[in-house]
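Before any comments, here is the structure.
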Amino acid sequence: MTESWVNSAERIGADLHLELSGPSGRRAALTRALREAVRSGRLTPGTRLPPYRSLAADLGVARNTVADAYAELVAEGWLTARQGSGTRVAERSEPLRHAVRTPVKAPSRARGPRHDLRQGTPDASAFPRAAWAASYRRALQAAPNEAFGPGDPAGRRELRETLTEYLARARGVRTEPDRIVICSGFAHALRLLFGRGTPDGPAAGGVLRGPLGVEAYGLGFHRDLLAAAGVRTVPLPLDEHGARVDALGRERAALLTPAHQFPTGGPLHPERRAAVIDWARARGAVVLEDDYDGEFRYDRRPVGALQGLDPERVIHLGSVSKSLSPALRLGWMVLPQRYVEPVLAAKGEREGWASVLDQLALADFVACGSYDRHVRRMRQRYRRRRDRLVAALAAQAPHIEVTGIAAGLHAVLRLPPGTERSTVKAAAWQGIALDGLAGFRHPESPAAAGDGLVVGYAAPAEHAYGAALEALCGVLPPE
């Protein structure tokens, strides 16, 4: 006997073909066909099956045949049946008697951490969907026909003009549209500037040479990227005033986070800001300014961009990865005039990285004031979260010092000596994702900043933040 049934989308939401074949009776054939549909994934957990009367009519079998097949599969654990909810595929797609033989993935891989307290990640739930969609629609309607052709490697003129005005107003950057090059983010900017080469010569496809002075603590990903390009990095010591720029010597460039040192926190001291510009002028060098967390400050006055002190000696690098979302993949380089053409040559004849339509949408988003409103709203939200973190620690772990909290999306928790590794391990066991301070230290840095945790307070959803703080306090070492 071979019969088939194709259900309608109205019944269970997706087309499904059942083959009723074999020497057994109709009930056994239907039971076997439904079981195989669940096992193979064609019927996914939660899928609602058609009422047994409808299925019986489609198959031309007695209602009791379908009812009995459903009842058998419910008893085995393949299906669930509840009054008013109908018959559905069970959340567990294998019956209990097969559970022992079913491979089980580690929960951390299947579901991710219970509490995400990693640095550098904004609150994804706060992305301004409606405002962004409105800007995208306006940009799409107003876009000239040529915008849908090959993109200009410098980026859309509309966005570069908007950024010129915004960066001057919000960050004190002195530039013009022709000195801005759009990229897909900070890492892309580093690749364009340094390409792939050797420490002793220009990088192939790049612009700058090493050695490069970097802060003793920073993202290892960036150091790895530079090392892959053949660029030697020289660590600069840190103290409460930021990077010790007086340690700069024969380096050809320096990479700094002047607005908010990452990850230890705090702006670069005014005297050191002036000193690094003097060093660049005297050496014919250039300073790369990573404007990390420039928009998010809480307990101090805004710190203007270092670039404003000397636009010909500073490359200002920014993006929307923290202020909006890393999913947008949009950033910018504000370049000294002499670097514009080499960077465009390194990028290529056409825009191959940053979506032209996203560029137009961002230009509208900034120009209409939506970006400013979003940043102000998120600044208030992140400040409240920071305050809740500080209050929770004061109440439950008063021996833990909290630093680097005047700006940014993370705090540094200073731990008793020798406890960082065990605390990070304990956090992982409790499903808490966070970073130890040691992971950011340059391998050649002569002095460590002590044990600590780098705790991001932006990523958790609002309703989950309290539980994340409770879990964090529960794994901190005792006094």
Side-chain angles (χ1 to χ4, degrees), residues 118-122 124 151 153-155 159 163 167 180-197 199 202-215 217-235 253-263 286-295 305 307 314-335 339 342-348 350-355 358-359 362 408-410 435 439-443 454 456 458-459:
R118 287 171 289 196
Q119 55 75 32
T121 305
L159 179 56
L163 285 173
L167 293 173
I180 296 179
V181 174
I182 303 302
C183 56
S184 67
F186 184 80
H188 184 210
L190 287 184
R191 291 188 177 98
L192 291 173
L193 291 169
F194 290 97
R196 298 181 180 180
V207 176
L208 302 179
R209 305 181 180 191
L212 173 69
V214 299
E215 295 162 335
Y217 282 75
L219 276 177
F221 169 72
H222 294 159
R223 290 195 298 267
D224 293 343
L225 187 154
L226 292 164
V231 178
R232 183 168 68 90
T233 55
V234 180
L255 171 59
L256 304 175
T257 51
H260 185 232
Q261 201 289 319
F262 177 85
V286 64
V287 180
L288 280 65
E289 178 182 24
D290 180 1
D291 198 33
Y292 184 85
D293 286 344
E295 296 94 347
Q307 189 267 3
V314 179
I315 298 176
H316 181 85
L317 305 171
S319 77
V320 298
S321 64
K322 307 296 186 298
S323 56
L324 276 175
S325 169
L328 287 180
R329 309 310 309 150
L330 284 176
W332 50 85
M333 294 179 278
V334 180
L335 298 164
Y339 292 129
V343 166
L344 292 177
K347 195 174 183 186
R350 297 182 178 183
E351 174 59 73
W353 299 87
S355 164
D358 284 348
Q359 292 182 50
L362 180 60
L409 303 181
H410 71 270
D435 299 296
F440 299 96
R441 177 174 173 248
H442 193 289
V454 180

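Just so it is clear, the model here is predicted, and its values are computed rather than measured.
- Annotation: side chain of Leu330 is not in contact with side chain of Leu324 (no heavy-atom distance under 4.5 Å).
- Side chain of Arg329 to main chain of Ser184: a donor-acceptor pair is present (N/O by atom type, distance under 3.5 Å, no hydrogens or angles).
- For the side-chain contact (heavy atoms from CB on, under 4.5 Å) with Ile315, the lone residue among Leu335, Val343, Val334 that qualifies is Leu335.
- A 4.5 Å side-chain heavy-atom check between Ile182 and Leu159 finds at least one atom pair inside the cut-off.
- Here the side chain of Gln359 pairs no donor or acceptor atom with the backbone of Gly155 at under 3.5 angstrom.
- The side-chain hydrogen bond (donor to acceptor under 3.5 Å, both in side chains) check on Gln261 picks up Glu215, Thr264, with sequence neighbours excluded.
- From Phe440, atom CZ reaches atom CZ of Arg223 across 9.5 Å, with rounding to the nearest 0.5 Å.
- Taking the six-membered ring where tryptophan is involved, the planes of His410 and Phe262 are perpendicular, since the angle between them exceeds 60° and thus also 30°.
- Between Phe221 and Arg191, the closest heavy-atom pair is CZ-NH2, 4.0 Å.
- Checking side-chain atoms of Lys322 against main-chain N and O of Gly408 turns up no donor-acceptor pair under 3.5 Å.
- With rounding to the nearest 0.5 angstrom, the CG atom of Leu288 is 5.5 Å from the CG atom of Leu193.
- In this structure, Met333 and Leu192 have side chains that are in contact, with non-hydrogen atoms separated by less than 4.5 Å.
- Side chain of Gln307 to main chain of His316: no donor-acceptor pair is present (N/O by atom type, distance under 3.5 Å, no hydrogens or angles).
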